[in-house]
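Chain naming here is simple, since letters A, B, ... match the order of the sequence lines and numbering starts at 1 in each. The shown structure was predicted, so the numbers you read here are calculated from the model rather than taken from an experiment.
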There are 2 protein chains.
Amino acid sequence: MQKDKPTASRALSRRATSKRPPSMPTIKDVALAAGCSTATVSRALANPEKVSEATRLRVASAIDEVGYAPNVAARNLRRAESRTIVTLLPDISNPFFSEIINGMEEVAHQAGYQVLIGDCERDPARAEAYFNLLPTNQADGIILLTADIPRGLVRHADARADAPLVMACEFFSDVDLPTVTIDNYQATAHAIEYLVSLGHARIAAISGPVDNPICRERTRGYRDALTAGGLSSSAHVMEGDFGFRSGYQQGLALLDGADRPSAIFCHSDEMAIGVLKAARQLGIRVPEALSVVGFDNIGFSEYCEPELTTVSQPRHEIGQQAMHTLLNLLAGEAVVRRQTLSTQLIVRKSTGRPAA
Amino acid sequence: MQKDKPTASRALSRRATSKRPPSMPTIKDVALAAGCSTATVSRALANPEKVSEATRLRVASAIDEVGYAPNVAARNLRRAESRTIVTLLPDISNPFFSEIINGMEEVAHQAGYQVLIGDCERDPARAEAYFNLLPTNQADGIILLTADIPRGLVRHADARADAPLVMACEFFSDVDLPTVTIDNYQATAHAIEYLVSLGHARIAAISGPVDNPICRERTRGYRDALTAGGLSSSAHVMEGDFGFRSGYQQGLALLDGADRPSAIFCHSDEMAIGVLKAARQLGIRVPEALSVVGFDNIGFSEYCEPELTTVSQPRHEIGQQAMHTLLNLLAGEAVVRRQTLSTQLIVRKSTGRPAA
DNA sequence: TATCAGAATGTAAAGCTTTACACCAACGCC
DNA sequence: GGCGTTGGTGTAAAGCTTTACATTCTGATA
């Protein structure tokens with residue numbers, strides 16, 4: 001009884017590789033069970049029309065007889081693809097993105113793709129790491145939800161005109177990627193017109209980062225609408241970063257001064273909610289003494305005090321369209337390079353006529 | 001000139017596979033350039049200590065001479081792993097999770113792992129799809145941020161005692177996975193004690209789903225603290241779903257009735273904010289006529305009106321620990337099966353002494 | 001009936017990496 | 001000087017699937 005060391009009959013396990021003793025059945029096992037070659041099994045799965053009805057059925061039942069599931073790594077290796085799409089965003093904690101992601105996942109899953117969420121946190125190194133998934137076949141395409149990406153990366157990846165890159169929500173002013181956005185100019189102009197129509201004459205704005213193209217568009221819309229209303233001289237734009245705190249701080253700055261605005265248009269709901277807090281702190285009542293408009297219609301905007309008037313984007317649809325576009329690109333089909341989805345001004349309780 | 005059809009010299013491209021004409025260099029090219037075998041290159045990368053100093057350097061410079069990057073699919077195939085961890089959560093739009101995810105990604109990336117975010121949306125089919133990534137080697141492990149998972153899936157995956165499954169934030173009452181949580185019982189009891197110490201005698205609670213183990217724990221803490229304060233008879237628990245709306249609705253129900261509570265403890269900040277809205281609507285002032293306590297300390301809790309008193313969880317650390325635990329599990333190391341992280345009651349403006 | 005087209009299937013290579021095993025040289029020890 | 005180590009390296013198989021090409025067979029056309 002000196003069999004103390006190598007003991008248990010390893011003859012049982014078909015493969016001696018290492019771990020994973022209950023090694024999954026392979027396409028070979030299916031072929032055996034179905035009485036055909038592995039090629040036929042593969043075809044039955046990928047190109048059913050190339051296989052006779054009878055074989056297809058035999059294969060099908062063999063598959064669940066042996067409990068087969070394809071080995072994705074092997075498939076990816078052979079096909080030189082990963083069936084993974086990564087989406088790059090500036091900040092995962094911003095609830096604005098979640099609905100977009102849902103839209104993307106919906107169409108991705110349906111097409112057999114995964115989506116990998118890449119939170120860049122404004123860190124170029126992070127962005128680069130995600131871009132590197134492309135040449136190494138770890139990702140088939142990228143959807144950018146932020147323009148805050150080292151331009152060199154994009155240019156390099158975009159060398160081929162049909163590079164698997166799609167932009168959503170934002171856009172680059174200098175690189176022409178297929179893009180799905182809203183009409184930021186129009187949406188803003190419309191919101192400002194609404195404020196003007198209420199009688200506001202001093203309408204300030206808190207922008208996102210001013211070098212951000214969508215913020216530029218919005219500011220253009222803001223200025224033009226002001227001009228159209230004969231108020232061009234009252235334009236006043238502060239810069240924020242879309243987050244609560246910056247809205248709060250810029251709101252404080254705006255409201256604490258001498259001739260304060262009667263309305264503030266913000267480029268995000270979070271900033272608008274920050275403004276609400278600033279106003280509260282200064283004892284300025286909303287909407288009686290100050291009107292506030294946000295952008296995005298995030299979940300909170302219905303639960304803050306007062307409920308926020310805001311510009312709603314079709315976030316789910318943006319996600320869907322962006323993913324569709326990318327998948328079409330991958331399929332080598334022609335895509336419309338610029339899709340513009342419609343927005344809606346949602347009037348709630350944070351806006352009203354200015355005090356006489 | 002009848003060469004109109006097959007035209008361009010394909011002899012140029014080394015491989016005739018299909019697309020991807022600028023096919024990446026492989027380990028073979030590196031071996032060639034470094035004047036050694038592919039095995040040595042592979043070793044130089046994976047087990048540098050098994051290779052002589054000189055060779056290592058030659059390989060290194062060969063690598064960036066030819067611009068080599070490993071083919072991950074091939075590696076995964078060979079190693080039967082994916083270097084991907086998936087995390088399952090009930091609802092990606094809940095900002096509570098984002099900081100946890102950041103913590104997880106931090107340690108995952110450092111160890112060369114990716115994290116795939118799986119939004120289950122309470123749909124068992126979705127959860128099952130994600131669990132299926134495990135046996136097919138598309139994922140190496142799963143971190144559960146929700147207990148709302150078909151139990152069969154977990155049991156099945158957990159057949160081996162060291163299954164690569166880790167639970168964070170929540171836990172199962174009937175399956176014993178390695179878990180990292182806070183002490184929900186203590187944290188709640190502490191919050192309730194605080195309310196009692198302020199003089200509240202009618203303290204209601206809005207729970208998450210009552211069959212959720214962490215909600216049970218919290219309710220136990222709530223009841224025990226009430227009993228300890230001699231208020232056992234006033235216990236009153238409503239059921240919510242962690243979301244704004246349910247907090248709002250249950251808040252309305254609680255506050256509209258005859259003998260309304262002077263304080264409400266909520267199992268999430270979103271619900272607490274819903275209660276705030278309900279109170280506002282009914283003209284009940286917070287904190288003068290009603291104290292409200294939330295749970296989680298999400299970003300918005302500082303910007304609602306009034307700022308929310310809440311129980312803060314170390315979310316980043318929870319994410320880190322959970323990922324550490326999982327990676328240790330994968331490495332075959334022993335792990336502590338139950339980690340309990342500390343919480344903190346953050347007192348802001350939504351709580352105060354009850355009106356005489 | 002010979003031939004051909006087309007459908008259905010099989011064979012085997014290719015995709016890239018990792019690793020068990022074999023091999024070789026250098027070294028130290030008795 | 002023979003022998004056992006040890007460190008460094010190469011050879012080749014294995015991991016699983018897809019697919020170009022070859023083969024076989026059926027039925028139809030000339």
Side-chain angles (χ1 to χ4, degrees), chain A residues 10 13-21 23-32 34-59 62-63 66 68-83 135-138, chain B residues 6 10 13-21 23-32 34-59 62-63 66 68-83 112 135-138:
Chain A
R10 62 188 301 199
S13 73
R14 278 184 313 130
R15 293 188 197 79
T17 338
S18 59
K19 45 188 159 187
R20 202 176 40 126
S23 168
M24 294 290 290
T26 76
I27 202 172
K28 222 166 166 175
D29 302 307
V30 178
L32 206 66
C36 65
S37 75
T38 61
T40 301
V41 175
S42 177
R43 276 188 289 253
L45 288 171
N47 310 82
E49 76 282 4
K50 290 192 172 179
V51 138
S52 76
E53 176 79 17
T55 326
R56 204 180 319 151
L57 271 88
R58 246 176 324 124
V59 168
I63 281 178
V66 306
Y68 169 75
N71 178 316
V72 179
R75 171 179 305 180
N76 289 348
L77 171 57
R78 176 61 220 220
R79 296 217 256 224
E81 69 176 15
S82 64
R83 296 247 140 193
T136 54
N137 272 330
Q138 290 174 91
Chain B
R10 61 189 302 200
S13 72
R14 278 185 311 131
R15 291 188 199 80
T17 337
S18 59
K19 45 188 158 185
R20 202 176 41 129
S23 169
M24 295 289 291
T26 77
I27 202 171
K28 221 164 167 176
D29 302 308
V30 178
L32 206 67
C36 64
S37 74
T38 60
T40 301
V41 176
S42 177
R43 276 188 289 252
L45 288 171
N47 309 83
E49 77 282 1
K50 289 193 173 178
V51 139
S52 76
E53 177 78 17
T55 324
R56 203 180 321 151
L57 274 97
R58 243 175 327 122
V59 168
I63 281 178
V66 305
Y68 169 75
N71 178 317
V72 179
R75 172 180 303 180
N76 290 349
L77 170 58
R78 175 63 222 217
R79 294 205 198 159
E81 68 175 17
S82 63
R83 296 249 140 190
T136 55
N137 274 329
Q138 293 174 88

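Residues Val51(B) and Arg56(B) come closest through the heavy atom pair O-NH2, 3.2 Å. Across all their heavy atoms, Pro135(A) and Met24(B) have their closest contact at O-CG, 3.5 Å. In terms of heavy-atom proximity, Val59(A) sits nearest to Cys36(A) at CG2-SG, 4.2 Å.
Here dG10(C) is the nucleotide among dT9(C), dG10(C), dT17(C) with the atom lying nearest to any side-chain atom of Cys36(A). Relative to the side chain of Arg43(A), the nucleotides dC16(C), dA12(D), dG10(C) differ in distance, and dG10(C) lies closest.
Per the geometry, CG belonging to Leu77(A) stands 8 Å off C1' belonging to dT17(C), to the nearest Å. The CZ atom of Arg56(B) sits 12 Å away from the C1' atom of dG8(D) (whole-angstrom rounding). One interatomic measurement links the two molecules: CG of Asn76(B) to C1' of dA14(D), which rounds to 16 Å at whole-angstrom precision. The distance from atom CD of Glu53(B) to atom C1' of dG8(D) is 14 Å, rounded to the nearest whole Å. Rounded to a whole Å, the CZ atom of Arg79(A) is 12 Å from the P atom of dA20(D). When rounded to the nearest whole Å, the span between CZ of Arg75(B) and P of dT19(C) equals 10 Å. Distance, Asp29(A) CG to dT17(D) C1': 13 Å, rounded to whole Å. Between the P atom of dA12(D) and the CD1 atom of Ile27(B) lies a distance of 17 Å, rounded to the nearest Å.
Side-chain atoms of Arg78(A) stay outside donor-acceptor range of the base of dT17(D), with no qualifying N/O pair under 3.5 Å.
Distance check, rounded to the nearest 0.5 Å: CZ of Arg75(A) to OG of Ser42(A) gives 7.5 Å.
The side chain of Thr40(A) places an N or O atom within less than 4.0 Å of a non-bridging phosphate oxygen (OP1 or OP2) of dG10(C). Taking only side-chain nitrogens and oxygens, Thr55(B) comes nearer than 4.0 Å to OP1 or OP2 of dT9(D). Distances shown here put a side-chain N or O of Ser52(A) below 4.0 Å from the OP1 or OP2 atom of dT9(C).
Between the Asn47(B) side chain and the Lys50(B) main chain, no donor and acceptor come within less than 3.5 Å of each other.
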